[in-house]
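Note that the structure is predicted; figures quoted are calculated from it, not measured.
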Amino acid sequence: QVAEAHTKPRTIKTHLAFSMLPKNMLDTCKVVYVSRNPMDNVLSAMHHYKLVKSHDFVGTQDDFVDFYVEDIR
């Protein structure tokens, strides 16, 4: 509904996994899929977790990689 309210052409940015998007999306619109290097993603997440005190993360880069990989499983 929100997308339909915007004038065409529309640009929609999302962090949703591709599998969570409408099944017919590739048949009905143009898609640009951007992916990050996983190592860059982990390092960026680690800095975020250290800066945001509510995450309460204290540890080394190795500790964070273990935490991050375990969370994915």
Are the side chains of F67 and V42 in touch, meaning some heavy atoms are under 4.5 Å apart?
-> no
Measure the CG-CE distance between D63 and M46 for me, rounded to the nearest 0.5 Å.
-> 10.0 Å
Path from Y68 to V58 over hydrophobic side-chain contacts below 4.5 Å = no
Donor + acceptor pair across side chains of S44, N41 (<3.5 Å) = no
Distance col, row D66:CG vs T60:OG1, nearest 0.5 angstrom, shows 8.0 Å
Would you tabulate the side-chain donor-acceptor contacts of residues 47-54 under 3.5 Å, counting partners in other chains and residues two or more places apart, or write 'none'?
unit_1: H48; atom_1: NE2; unit_2: H55; atom_2: NE2; d: 3.2
unit_1: K50; atom_1: NZ; unit_2: G59; atom_2: O; d: 3.3

With side chains defined as the heavy atoms from C-beta onward, is the minimum distance between L43 and Q61 less than 4.5 Å?
-> yes
L21 CG to Y33 OH distance, which is reported to the nearest 0.5 Å = 9.5 Å
Would you please name every residue forming a side-chain hydrogen bond (donor to acceptor under 3.5 Å, both in side chains) with D40, sequence neighbours left out?
-> R36
